[in-house]
S.K.: 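Pasting a structure below so you can have a look.
Quantities reported herein were computed from a predicted structural model and do not represent experimental measurements.
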Amino acid sequence: MIYKDFKGKKLSSLGMGCMRLPGDGYGNPFIEETETRKMVAYAFEKGINYFDTAWGYHAGKSEIVMGDILREYPRESYYIATKFPGYDSSVWDKVEEVFEKQIEKTGMEYFDFYMFHNVCEVNIDAYLDPKYGIFDYLKAQKEKGRIRHLGFSAHGDLPVLERFLEAYGKDMEFCQIQLNWFDWSFQDAKAKMELLKKWDIPVWVMEPLRGGKFSELTDEDINELKKFRPDANIIEWSFRFLQQFDNVKMILSGMSNFEQLKENIEIFETDKPLNSEETEALLKLGKKIIERNSLPCTECSYCTTHCPMELNIPRFISQYNEICYRGPSFLVSLEISSLPEDKRPSACIGCKSCEAVCPQQIKIADMMADFTEKLK
């Protein structure tokens with residue numbers, strides 16, 4: 001197992017994400033505990049020492065099951081991470097209640113790593129609002145030793161990260177972002193990496209395989225890559241892409257079965273990062289997939305200046321592209337539901353004033369109608 005240095009700790013480069021444990025899927029409470037226990041035992045045997053759970057994973061059961069399993073091992077042999085669920089507005093004023101419940105659920109005296117969860121457009125104002133006391137409380141728990149390292153995870157766009165860092169950046173020890181070769185441009189992960197490097201904040205990676213989506217690529221898609229590493233599949237390519245970044249200290253993978261765990265561990269037994277030519281080939285594949293599956297919005301915003309409903313059309317196109325590529329998205333639905341009714345895609349009146357000025361000639365009215373249907 002490859003290890004990374006972080007503040008005197010040796011972190012396994014591969015961490016076990018606990019959002020997709022064996023069972024009925026991450027949104028459901030049932031977890032197959034026998035299989036999960038077997039996977040954790042194998043993870044320990046092969047050197048994994050980092051386990052990432054959260055308040056909402058498996059409808060709240062992930063923290064309980066992982067706490068039960070991890071307590072069977074010496075406390076100094078692993079690091080456990082969890083998060084404050086700021087994506088849920090009902091708990092914004094309950095940070096102490098949530099944290100104490102997480103301590104109870106996991107049976108831990110302290111958390112090695114703790115995060116503001118999913119910093120994004122929906123909750124950034126709440127996270128920054130002192131009336132909720134989220135930052136003050138979590139910082140106090142760190143000072144008491146109940147949180148050893150405080151950081152944040154983020155799905156928001158770059159301006160959201162900038163706002164959060166301006167407020168709390170000097171106290172953040174790490175940041176967890178969605179980073180992979182596809183989102184390098186699709187979600188502008190490159191710019192997020194540059195921002196975090198500017199702040200000297202180490203990167204934790206989530207969704208390195210985009211929830212397993214990369215495994216669905218065809219032989220034709222990855223044929224160009226074979227000339228570089230003929231024996232490597234797209235899973236290995238995806239992890240090797242991440243191994244090239246010095247500021248990436250943790251790569252999380254939500255492994256749902258023993259076979260996935262075994263395959264991933266085998267990759268992380270060696271450090272074989274992509275070279276510049278291989279990286280260019282992989283990013284070129286990402287651009288090809290984006291062009292094939294996405295509306296070509298350049299965010300020029302001509303459309304918004306001509307929309308009588310004053311809708312954020314470029315943002316909707318970005319969200320629509322995400323759903324078309326990946327399928328239903330909790331994060332997209334959450335953000336749309338937080339908008340006033342008259343500012344959602346369903347508020348589009350189909351006047352096509354936006355289309356008349358779109359340089360890319362996108363059929364925006366049709367997109368809005370389809371987006372509205374997909375959100376139902």
S.K.: Under 4.5 Å between any side-chain heavy atoms of Cys175 and Trp204, yes or no?
M.R.: no
S.K.: Phe6, Leu252: one ILVMFWY side-chain cluster at the under-4.5 Å cut-off?
M.R.: yes
S.K.: How close do Glu355 and Asp366 get, heavy atom to heavy atom, and via which atoms?
M.R.: OE2-N, 4.3 Å
S.K.: Would you say that more than 12 heavy atoms from the other residues, nucleotides or ligands in this model lie under 6.0 Å from the OH of Tyr302, or not?
M.R.: no
S.K.: Do Glu299 and Ile317 pass the side chain to side chain contact (heavy atoms under 4.5 Å, CB included) test, and can you show the C-alpha distance, the side-chain angles, and the key distance before you say yes or no?
M.R.: CA-CA 9 Å; Glu299 299 187 20; Ile317 293 176; over 6 Å; no
S.K.: Answer yes or no: is there an ion pair linking Glu173 with Lys142, defined by an N-O contact shorter than 4.0 Å?
M.R.: yes
S.K.: Give, for atom CG of Leu375 and atom CD1 of Ile323, the distance between the pair rounded to the nearest 0.5 Å.
M.R.: 5.0 Å
S.K.: Write down the atom of Ser13, the atom of Phe268, and the distance for their closest heavy-atom approach.
M.R.: OG-CE2, 3.6 Å
S.K.: side-chain contact (heavy atoms from CB on, under 4.5 Å) with Cys307: which residues, sequence neighbours excluded?
M.R.: Met309, Leu311, Ile313
S.K.: Other residues, nucleotides and ligands only: do more than 12 of their heavy atoms fall within 6.0 Å of CG on Asp93?
M.R.: yes
S.K.: Keeping Ser12 on the side-chain end and Gly15 on the backbone end, is there a donor-acceptor pair under 3.5 Å?
M.R.: no
S.K.: Assess, by modelled atom type and distance only, whether the side chains of Tyr87 and Asn123 contain a donor and an acceptor separated by less than 3.5 Å.
M.R.: no
S.K.: Sub-3.5 Å donor-acceptor pair from the side chain of Gln260 to the main-chain atoms of Ser256, do we have one?
M.R.: yes
S.K.: Side chains of Glu310 and Thr304: donor-acceptor distance under 3.5 Å anywhere?
M.R.: no
S.K.: To the nearest 0.5 angstrom, please state how far the CG atom of Leu295 sits from the CG atom of Asn321.
M.R.: 5.0 Å
S.K.: Should we count CD of Glu269 as having more than 12 external heavy atoms under 6.0 Å?
M.R.: yes
S.K.: Check Glu373 with Lys376, please: is the shortest side-chain N to carboxylate O separation under 4.0 Å?
M.R.: yes
S.K.: Look at atom CD of Gln360 and say whether more than 12 heavy atoms of other residues, nucleotides or ligands are closer to it than 6.0 Å.
M.R.: yes
S.K.: Val98 and Pro85: which non-hydrogen atoms are nearest, and at how many Å?
M.R.: CG1-CD, 3.7 Å
S.K.: Could you give the distance from CD1 (Ile69) to CZ (Phe51), rounded to the nearest 0.5 Å?
M.R.: 9.5 Å
S.K.: Return each pair, listed once, that meets side chain to side chain donor-acceptor pair (under 3.5 Å) where at least one residue sits in residues 65-74; pairs must be two or more places apart or across chains.
M.R.: Arg37-Glu72, Asp68-Arg71
S.K.: A side-chain contact here means heavy atoms from C-beta on lying under 4.5 Å apart; do Arg240 and Pro273 qualify?
M.R.: no
S.K.: Does a salt bridge link Arg315 with Glu121, judged by any charged N lying under 4.0 Å from a carboxylate O?
M.R.: yes
S.K.: Evaluate the side-chain proximity of Lys4 to Met250: yes if any heavy-atom separation is below 4.5 Å, no if none is.
M.R.: no
S.K.: Would you say Asp200 has more than 12 foreign heavy atoms packed within less than 6.0 Å of its CG?
M.R.: no
S.K.: For Asp221, is there an ion pair with Arg292 - N to carboxylate O distance below 4.0 angstrom?
M.R.: yes
S.K.: Assess the residue pair Arg75 and Asp112 against the criterion (salt bridge (charged side-chain N to carboxylate O under 4.0 Å, His left out)); give the C-alpha distance rounded to whole Å, side-chain angles, the decisive distance to 0.1 Å, and a yes or no.
M.R.: CA-CA 10 Å; Arg75 185 62 182 89; Asp112 300 282; 3.0 Å; yes
S.K.: Would you call Ile147 and Phe113 a side-chain contact if the rule is heavy atoms closer than 4.5 Å?
M.R.: no
S.K.: Any carboxylate oxygen within less than 4.0 angstrom of a Lys/Arg side-chain nitrogen, looking at Glu266 and Lys262?
M.R.: yes
S.K.: For a 4.5 angstrom cut-off between non-hydrogen side-chain atoms, does Phe84 reach His117?
M.R.: no
S.K.: If you compare all heavy atoms of Met206 against all heavy atoms of Ala154, which two are closest, and at what distance to 0.1 Å?
M.R.: CE-O, 3.4 Å
S.K.: Decide, yes or no, whether a salt bridge links Lys374 with Glu322 under the criterion of side-chain N to carboxylate O below 4.0 Å.
M.R.: no
S.K.: For residues Tyr50 and Ala81, report the shortest heavy-atom separation together with the two atoms involved.
M.R.: OH-CB, 3.2 Å
S.K.: Going only through I, L, V, M, F, W and Y residues with side-chain contacts under 4.5 Å, is there a path from Tyr137 to Trp92?
M.R.: yes
S.K.: Verify the neighbour count for atom CG of Asp219: are there more than 12 heavy atoms of other residues, nucleotides or ligands below 6.0 Å?
M.R.: no
S.K.: Begin with the C-alpha distance, continue with both residues' side-chain angles, and end with the deciding distance and a verdict on side chain to side chain contact (heavy atoms under 4.5 Å, CB included) for Ile364 and Phe316.
M.R.: CA-CA 10 Å; Ile364 298 171; Phe316 291 154; over 6 Å; no
S.K.: Could you check if a side-chain atom of Met255 sits within less than 4.5 angstrom of a side-chain atom of Arg20, using non-hydrogen atoms only?
M.R.: no
S.K.: List in chain and number order the residues that pass ring pair (Phe, Tyr, Trp, His ring centres under 6.0 Å) with Phe164, two or more places apart in sequence or in another chain; answer none if no residue qualifies.
M.R.: Phe116, Phe152, Tyr168
S.K.: Any cation-pi pair here, Arg210 with Phe182, using under 6.0 Å and within 45°?
M.R.: no
S.K.: Just jot down the side-chain hydrogen bond (donor to acceptor under 3.5 Å, both in side chains) partners of Asp5, sequence neighbours excluded, or say none.
M.R.: Lys10
S.K.: As a test of understanding, state which of Leu261, Val40, Asn264 forms a side-chain contact (heavy atoms from CB on, under 4.5 Å) with Ile48.
M.R.: Leu261
S.K.: For the residue pair Ser238 / Trp181, report whether a side-chain donor-acceptor contact shorter than 3.5 Å exists.
M.R.: yes
S.K.: Look at the side chain of Lys139 and the backbone N and O of Leu150, then say whether any donor-acceptor pair between them is shorter than 3.5 Å.
M.R.: no
S.K.: Indicate yes or no: does Arg163 engage Asp157 in a salt bridge with an N to O separation below 4.0 Å.
M.R.: no
S.K.: Donor-acceptor check, side chain of Arg146 to backbone of Glu109, threshold 3.5 angstrom: yes or no?
M.R.: no
S.K.: If we ignore angles and hydrogens, is there a donor and acceptor under 3.5 Å between the side chains of Gln102 and Tyr114?
M.R.: yes
S.K.: Please enumerate all residues that pass side-chain hydrogen bond (donor to acceptor under 3.5 Å, both in side chains) together with Asp52, with sequence neighbours excluded.
M.R.: Lys83
S.K.: Could you give me the CA-CA distance, side-chain angles and deciding distance for Cys18 and Ser62, then say whether side chain to side chain contact (heavy atoms under 4.5 Å, CB included) is met?
M.R.: CA-CA 7 Å; Cys18 303; Ser62 177; 3.5 Å; yes
S.K.: Residues two or more places apart in sequence or in another chain: which of them pass side-chain hydrogen bond (donor to acceptor under 3.5 Å, both in side chains) with Lys363?
M.R.: none
S.K.: Would you verify whether the NZ or CZ of Lys38 falls within 45 degrees of the ring axis of Phe258 while also being under 6.0 Å from that six-membered ring's centre?
M.R.: yes
S.K.: Between Glu278 and Lys226 (salt bridge meaning N to carboxylate O under 4.0 Å), is one present in this structure?
M.R.: no
S.K.: Do Ser153 and Asn118 have a side chain donor and acceptor closer than 3.5 Å?
M.R.: no
S.K.: Decide yes or no on side chain to side chain contact (heavy atoms under 4.5 Å, CB included) for Thr53 and Ile64, but give the supporting numbers first.
M.R.: CA-CA 10 Å; Thr53 183; Ile64 296 172; over 6 Å; no
S.K.: Is there side-chain contact between Lys101 and Lys105, with at least one heavy-atom pair below 4.5 Å?
M.R.: yes
S.K.: Within the 4.5 Å heavy-atom criterion, are Leu179 and Trp184 side-chain neighbours or not?
M.R.: yes
